[in-house]
Amino acid sequence: MTSQANLPAAAPPRLHECPDCGQFQAVPALAPRMTVTCLRCDSVLRRTQTDPVGVPLALYCAALVLLVITAVAPMMSVSRSGLHHEANLFSGPVGFQKHGLWELAALVLFTTIGAPFITVLGNIYVLTGINRANPPRNLRVVFGFLQRLRPWSMIEVYLLGVFVAYTKLQDLVHIETGAGLWSLAALLLTMIAADAVSDPQAIWDMMDRRGLTRIGADAPGPSALACEVCGLVGRPAAGGRCRRCLFRLHHRKPDSIARTWALLFAAVVMYIPANVYPVLSFVQLGAGQPATILEGAQELLDSGLWPLAALVFFASVAVPMMKLVGLGFLLISTQRRSTWRLRDRTTIYRMVRWIGRWSMIDIFMDSLLVALVQFGGLVHIDPGGGAVAFAAVVILTMLAAECFDPRLMWDAAGEGSRITARGVVTGGAGEHDGPIGAEAHA
Ligand SMILES: [Zn+2]
Ligand SMILES: [Zn+2]
C-alpha cells in the first residue's frame, strides 16, 4: 500500500463485483499505479495509471499511423522463375476469397483489419472527446462497444502466423521482407503498450463526472446488478439497462450453461472435419497432396524446424482440445455443484478464455501461403475445406468461453455473494455488516 497522502481526496470506496467469482467487494480510492485484486480468486479488478488519457491517446495515434502503413505497404514479396508476388494485410482475405472461401476471407479481414481499426479509431475518438468542452453524448456507447470488441482484435496472433508462413516459404521460393512487416511488429508493440497503460475505469469515472452518464447517487441496494461492460454496481435503468453504458444488465449471463453446452457441442462436431480434411494442398509441378493440420506440423518437423512444429502443434491441435476438455469440465463440475478447488477452476476458466485466440495462427498462416504461392503449373498452394471447419472450432470455442459465466461455479458451490440492506452476504464466508474490501497493492 502506498501512503494515504497520495490518495485522491475523500473519494468513498466503491462496490465492485468480481467478474470471475461474483464476490462483491469495496474498492478504496486508489493512488496511480496500483493494482486491485479480488480477495477470493485473485482476479485483477483494476490497475490505475498516472495519466489514463494522454499516454494511451499518444500510443493509439501512433498505432493508427502504423496500421495504415501495415495495411498498404508490402509485408513480404516472393519470386520464383521470374514471377513475382507481394502480400500486404489485405492479401490473405483476397486469397481466400479467390478460392471461394468467403467465410474465411471475412473472418481474417475482421480480426486483422476491421477490429484493430475500430479499436484504434474508437479509442482516439473517446480519449479526445472526453476532454472537449462539449463531449459527444455517445462516448459511453462507443466506449462500451470497444470493451466488448477487445478479444476479436488479433494483431499479435497474426504476427506469429506471418512468422510461421515466412519460415515455411523459405525453401520454396525466394522471399524478401518489406516495410509492412516491420510496421506490423511495431504496431503489435504499440497496441500492447496502449493496453498496458489504459485504465477503463478511470475513463468511466471521467464520463460520470462530466455528466455523460446517469449513474445516480444512491448506494447499491439489494436490487443492484453489476454491469459486465463498465463494472458499475447499481439499480438498472428503464428496460433493465446499465445507467452508465446502456448494456443490458443480468444477475448472471442468461442461459449460460445451456448456451455454452450448445456452442461446445457444435465445436466438438466441427473438430472432426477440422482434423480429417486437408487445410492446405500444396501442388508442385502438377504433383502434390493435400495436408491436414497434423500433417502440416509433421512436415515442419521433417524439415528440422521443431520449434515451429511444436508451436503449430500446440496452437492448432493441443489448444482446441484443451479448450473443449476444459470447458466441458467446468460445465460438468458446475452442474454437479462441486465445491472442489473453486479458485483453481476459476484460473482454468481464465486460461481457456485467454488462450483461445492463439489457435488462429494456422488460419493466418494459410491465408498468406494461399495468397503468395500462386505460380501456375510450377507450384501453387490452395486452401482446403478443413480450414473452414478449423476456423469454426476456434470461433465456436471462443464464443463458448465468452458465454460461460464463471460466477455460476461459486453460486453452485453455495459461495454466491449478494448485497442486502445490511451489506454484502457471501455464502461460506458468512454475513458482513458493510462491504468487504478488495486487496490493493502498489
Ligand atoms: Zn474474484
Ligand atoms: Zn455498464
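Numbers here are sequence positions counted from 1. All ligand and atom numbering here is 1-based and tracks the order in the structure.
- A 4.5 Å side-chain heavy-atom check between Leu188 and Met191 finds every atom pair outside the cut-off.
- Classified by interplanar angle (parallel below 30°, tilted 30° to 60°, perpendicular above 60°), the ring pair Phe404/Tyr349 is tilted.
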Counting only pairs under 3.5 Å, give me each side-chain donor-acceptor contact of residues 56-67, with atom names and distances, residues two or more places apart or in other chains.
none

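- Side-chain contact annotation: Ser338 with Arg345, donor-acceptor N/O pair under 3.5 Å present.
- Ring pair Phe110/Trp152: centre-to-centre distance not below 6.0 Å.
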Tabulate below the donor-acceptor pairs under 3.5 Å that side-chain atoms of residues 390-400 make, not counting sequence neighbours, or state none.
from	atom 1	to	atom 2	distance (Å)
Thr397	OG1	Lys323	NZ	2.7
Thr397	OG1	Val393	O	2.7
Thr397	OG1	Val394	O	3.0

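- With salt bridges taken as basic N to acidic carboxylate O contacts below 4.0 Å, one links Glu156 and Arg357.
- For the Zn ion (ligand 2), the count of nearby protein N, O or S atoms, meaning those under 2.8 Å away, is 4.
- Asn138 is not listed as a side-chain neighbour of Phe145, based on a closest heavy-atom distance of 4.5 Å or more.
- Around the Zn ion (ligand 1), the protein atoms of type N, O or S found under 2.8 Å away are Cys18 SG, Cys21 SG, Cys38 SG, Cys41 SG, listed by chain and number.
- A salt bridge does not link Arg353 with Asp20: none of the charged nitrogens is closer than 4.0 Å to a carboxylate oxygen.
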